[in-house]
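What you see below is based on every heavy atom in this structure, not just the backbone, and it leaves out hydrogens, waters and symmetry mates. Here is the naming used below: chain letters follow the sequence lines, and residue numbers restart at 1 for every chain.
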Amino acid sequence: MQIESLIKTSLQSALREIYNVEEQVIALQPTKKDFEGFYTFVTFPYTKSLRKPPVEIGNALGQYLVEHSGVVSNFNVVQGFLNLSIAESAWIEALNALALNPDFGFAPANGQSVMVEFSSPNTNKPLHLGHLRNNFLGDSVSRILKANGFNVSKTCLVNDRGIHICKSMLAYAKLGNGETPESSGLKGDHLIGKYYVLFDKEYKQQIETLVAEGMSKEEAEKKAPWILEAQQLLLKWEQGDAETLALWKQMNEWVYAGFNDTYQKIGVSFDKTYYESKTYLLGKDAVDEGLAKGIFYKKPDNSVWIDLTAEGLDEKLVLRGDGTSVYMTQDLGTTDLKFSDFHSNKSIWVVGNEQDYHFQVLFAILKRLGRTYADGCYHLSYGMVDLPSGKMKSREGTVVDADELVAEVTAAAAEEGNSKGKIEDFSEAEKQRLFSMLGLGALKYYLLKVDPQKRMMFNPAESVELHGHTGPFIQYTHARTRSVLRKAVQMGVDWAKPATAVPLANSEREVIFTLTQFPERIADAGRNYSPALISQYAYELAKAYNTFYAEVSILQEPDAEAQHARLLLSQAVADGIQKAMGLLGIEVPERM
RNA sequence: GGCCCCAUAGCUCAGUUGGAUAGAGCAACAGAUUUCUAAUCUGUCGGUCUUUGGUUCGAGUCCAAAUGGGGUCACCA
């Protein structure tokens with residue numbers, strides 16, 4: 001970090017003194033592997049205004065940097081590319097600065113606060129693979145924003161009411177026979193999910209029967225006995241019918257117990273949970289306000305609309321003719337509520353990209369209503385998770401269940417871990433803890449390494465993979481660094497102090513260079529709300545260290561000062577990996 | 001059909017905001033362990049960056065169009 005900023009400042013002076021050019025922002029890029037050097041400055045942009053060949057400019061600037069920057073030891077110019085080599089003393093100084101700073105990479109508090117809403121489960125079925133991508137993204141983005149100095153609040157909006165819940169309730173009332181999680185041995189959310197599936201089965205059956213009797217499919221879908229009964233149940237729920245509410249409450253309790261179990265297992269938590277059953281009536285004030293301000297208008301049937309054609313959107317309904325809410329009404333109300341609860345500067349919704357349009361409209365309305373927070377609203381839109389067999393569809397049973405998946409990856413980690421024979425002294429509990437750490441590490445990393453915006457392919461075999469570009473590879477590298485450091489302690493070496501300048505192997509410089517990038521990468525990930533950038537970084541760091549590890553010896557190094565520097569480097573890598581993986585919500589083991 | 005997103009190696013993905021000969025992992029093949037954790041490392045193989053045009057010193061990256069894939073256009077959430 002400081003190397004880079006020193007070069008940039010020095011380049012600014014050089015441009016000023018040699019060419020009388022004032023440059024506000026200097027762009028440096030890492031030098032390509034095939035060339036000598038670590039930082040590259042491109043001189044092409046100056047050839048026109050200075051009327052000088054790029055090589056001449058490069059030579060002049062390079063010469064200046066060697067003489068004045070204090071960190072550039074050498075340079076070469078290829079075409080218009082000025083490649084800079086860095087002095088050993090500068091590398092060591094950079095290493096000392098970052099390795100001995102426990103907060104390295106993290107920004108101090110910036111006085112701003114942000115809410116991150118994610119997970120948003122339905123209470124009629126267990127969490128699945130799609131939820132996992134959502135949860136991991138939301139959790140990781142929260143951690144990344146915190147590392148960028150924000151005060152972060154994690155919220156969850158539970159969809160606990162509506163026709164879909166009534167479907168599970170109806171099937172349970174008809175077929176349940178008083179079954180409970182205890183009596184069935186099923187997790188609460190799975191038990192409820194079972195009845196949701198049973199409802200759908202019976203419903204389809206009824207539609208078929210009606211169609212066979214000559215009814216059209218559309219009509220049959222509306223007139224099938226069970227859908228009518230489910231609608232009745234929803235009506236009763238809204239009227240506050242005691243029996244219905246009791247059943248609803250009972251079933252929700254089971255579901256929440258199941259969810260909590262899953263959340264705990266995957267290491268995700270929330271500061272505040274909102275329930276739609278409590279917020280679904282909100283937003284009518286905002287509608288009145290919009291009408292009073294002339295932003296909304298009424299149609300003859302009393303329904304309320306907003307015309308967003310000026311923003312390139314359409315007309316949108318915000319309240320039904322009978323005065324009841326739609327999705328948008330609720331979201332307006334809930335957003336007001338959240339901002340008044342937290343007084344945040346920003347709010348982020350982690351929601352799938354099928355709702356891109358909804359959020360465009362929501363934000364446009366908030367702006368029209370003059371909400372001061374409207375500019376701080378952001379939809380973190382992510383792509384669907386596909387299976388090799390195609391799309392996941394819950395009704396067709398082609399979903400990958402979250403709990404089962406976690407169990408599978410843990411089992412895969414256990415099989416590999418037990419076969420290595422490195423942890424035979426671990427207790428059963430310690431082993432279990434490690435395998436779950438590794439399994440989850442594999443899964444989280446697999447889902448987070450892909451750019452959130454993109455649709456991704458979930459390949460079950462690859463998700464439990466423990467080698468290559470995976471979470472366990474990085475976890476392994478951490479365990480490796482810790483092992484070296486433990487042995488150094490046993491040898492009585494004290495490395496927790498500044499190292500002195502020693503000759504470095506290129507792989508060593510490469511590791512320090514990667515380490516210095518950390519703060520910038522965290523800032524980048526924060527700006528882009530992208531855990532993928534952090535996962536990429538963690539991988540690069542681990543890879544650089546492993547290359548270094550294979551090339552030079554640490555504990556066998558006879559030169560005490562060289563050994564000191566390498567231990568400090570190992571320490572910095574261990575910390576860096578732990579922090580980077582921590583931003584992904586992935587723990588790293590001491591041994592594996 | 002309107003609008004939005006995506007298209008890079010056989011497969012899964014990167015590509016640092018427009019820079020050099022486009023990179024990883026997996027798969028395939030060849031090596032490295034009397035040595036600090038081989039869940040590792042080194043190498044080989046693998047590319048018309050979907051197509052066409054434009055912008056400029058320079059385009060995988062920016063603009064336009066076409067093609068293909070997905071989403072969305074509900075008084076569902």
Side-chain angles (χ1 to χ4, degrees), chain A residues 27-35 40 42 44-45 47-48 54 78-81 83 120 122 159 161-164 276 280 299 301 303-305 312-314 316-322 324-328 330-331 352-358 360 381 383-384 386 388 391 413 416-417 419-420 422 438 446 449-451 453-459 461-462 465-470 472-477 479-488 491 517 520-521 524 528 532-533 535-537 539-540 542-543 545-557 566 570 591-592:
Chain A
L28 281 180
Q29 57 190 14
T31 303
K32 284 237 163 199
K33 291 277 176 286
D34 310 330
F35 300 91
T40 293
V42 183
F44 287 116
T47 51
K48 217 173 195 178
V78 182
Q79 296 171 46
F81 298 94
N83 301 321
S120 313
N122 287 348
N159 185 352
R161 64 163 284 282
I163 190 71
H164 50 288
E276 275 192 23
Y280 82 109
K299 286 198 177 176
D301 66 354
S303 59
V304 182
W305 295 72
L313 305 168
D314 299 311
K316 186 78 188 176
L317 177 89
V318 293
L319 195 71
R320 288 192 189 109
D322 62 7
T324 56
S325 306
V326 290
Y327 182 35
M328 189 58 72
Q330 284 181 49
D331 249 11
N353 63 8
E354 69 271 14
Q355 292 198 36
D356 283 356
Y357 187 74
H358 170 78
Q360 271 188 46
S381 162
M384 234 181 246
D386 284 325
K391 273 177 75 165
E416 175 105 3
S419 73
K420 300 275 178 199
K422 291 181 187 174
L438 297 176
Y446 183 80
K449 73 175 172 182
V450 181
D451 181 357
Q453 189 186 35
K454 290 188 181 169
R455 228 184 144 78
M456 72 175 287
M457 175 65 71
F458 181 85
N459 184 325
E462 280 176 21
E465 187 54 57
L466 310 166
H467 308 261
H469 189 181
T470 66
F473 163 79
I474 301 166
Q475 290 170 314
Y476 170 78
T477 308
R480 198 177 222 190
T481 58
R482 290 295 177 202
S483 170
V484 172
L485 295 170
R486 270 195 308 273
K487 295 224 159 92
M491 290 163 60
Q517 304 279 308
E520 201 183 307
R521 301 292 279 271
D524 206 19
N528 293 294
L533 298 177
S535 68
Q536 193 69 31
Y537 177 76
Y539 179 65
E540 284 167 25
K543 225 172 147 34
Y545 184 81
N546 282 328
T547 300
F548 153 78
Y549 184 90
E551 195 181 293
V552 303
S553 171
I554 301 167
L555 299 175
Q556 265 85 51
E557 169 58 46
R566 285 171 198 171
S570 301
R591 288 176 54 192
M592 66 184 271

Over all strands shown, is [X] touching base, sugar-phosphate only, or nothing at heavy-atom distances under 4.0 angstrom?
X: A:Phe35; value: base
X: A:Gln79; value: nothing
X: A:Leu438; value: base
X: A:Asn528; value: base
X: A:Glu276; value: sugar-phosphate
X: A:Thr477; value: nothing
X: A:Met592; value: base
X: A:Phe44; value: base
X: A:Gln355; value: base
X: A:Gly321; value: base
X: A:Pro54; value: nothing

Counting Watson-Crick and G-U wobble pairs only, both distances under 3.5 Å, name the nucleotide matched with [N], or none.
N: B:G68; answer: B:C6
N: B:A59; answer: none
N: B:C75; answer: none
N: B:U48; answer: none
N: B:U40; answer: B:A32
N: B:U12; answer: B:A24

Distance between the [atom1] atoms of [N] and [M], in whole angstroms?
N: B:U8; M: B:G46; atom1: C1'; answer: 14 Å
N: B:C49; M: B:A7; atom1: P; answer: 15 Å
N: B:C63; M: B:G25; atom1: C1'; answer: 34 Å
N: B:C75; M: B:U67; atom1: C1'; answer: 38 Å
N: B:U21; M: B:G68; atom1: P; answer: 35 Å
N: B:A65; M: B:C76; atom1: C1'; answer: 36 Å
N: B:G19; M: B:G58; atom1: P; answer: 14 Å
N: B:G10; M: B:G70; atom1: P; answer: 22 Å

Give a yes or no on whether the ring-centroid distance for A:Phe35 and A:Phe81 is below 6.0 angstrom.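 Centroid distance A:Phe35-A:Phe81: not below 6.0 Å, so no.
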
Between the side chains of A:Glu416 and A:His467, does any donor sit under 3.5 Å from an acceptor?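 Yes, a side-chain donor-acceptor pair sits under 3.5 Å.
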
Identify whether NZ of Lys or CZ of Arg in A:Lys316 sits under 6.0 Å from the centre of the six-membered ring of A:Trp305 and within 45° of that ring's axis.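 The answer is no; the distance or angle limit is not met.
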
Cation over ring, A:Arg480 on A:Tyr545, under 6.0 Å and within 45°?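 Geometry flag: not set, cation outside 6.0 Å or 45°.
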
Can you measure [X] atom [atom1] to [N] atom [atom2] for me and round it to whole angstrom units?
X: A:Met457; N: B:G69; atom1: CE; atom2: C1'; result: 11 Å
X: A:Leu313; N: B:U72; atom1: CG; atom2: P; result: 17 Å
X: A:Arg591; N: B:A39; atom1: CZ; atom2: C1'; result: 15 Å

Between the protein and nucleotides 26-35 of chain B, are there any N/O to N/O pairs under 3.5 Å, and if so, what are the atom names and distances?
{"from": "B:U35", "atom 1": "O2'", "to": "A:Gln556", "atom 2": "OE1", "distance (Å)": "3.0"}

Closest-nucleotide 5' rank along RNA chain B - winner of A:Leu319 and A:Ala532: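 On the 5' side of the pair lies A:Ala532.
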
A:Gly417 vs A:Asn159, nearer the 5' end of RNA chain B by closest nucleotide: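 Its nucleotide being nearer the 5' end, the pick is A:Gly417.
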
Check whether any side-chain nitrogen or oxygen of [X] sits under 4.0 Å from OP1 or OP2 of [N], and answer yes or no.
X: A:Arg455; N: B:A7; value: no
X: A:Ser381; N: B:C5; value: no
X: A:Lys420; N: B:U37; value: no
X: A:Lys454; N: B:A14; value: yes
X: A:Lys487; N: B:U37; value: yes
X: A:Lys32; N: B:A20; value: yes

Can you tell me whether the base of B:U55 sits syn or anti, using the 90° cut around 0 to define syn?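 Anti, angle beyond 90° from zero.
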
Kindly say whether, by distance alone, the side chain of A:Thr40 makes a donor-acceptor pair under 3.5 Å with the base of B:A20?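 In this structure, the two groups form a donor-acceptor pair.
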
Mark yes or no for a side-chain to base donor-acceptor pair under 3.5 Å between A:Asn83 and B:A20, with no hydrogen or angle criteria applied.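 Such a pair is found, so the answer is yes.
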
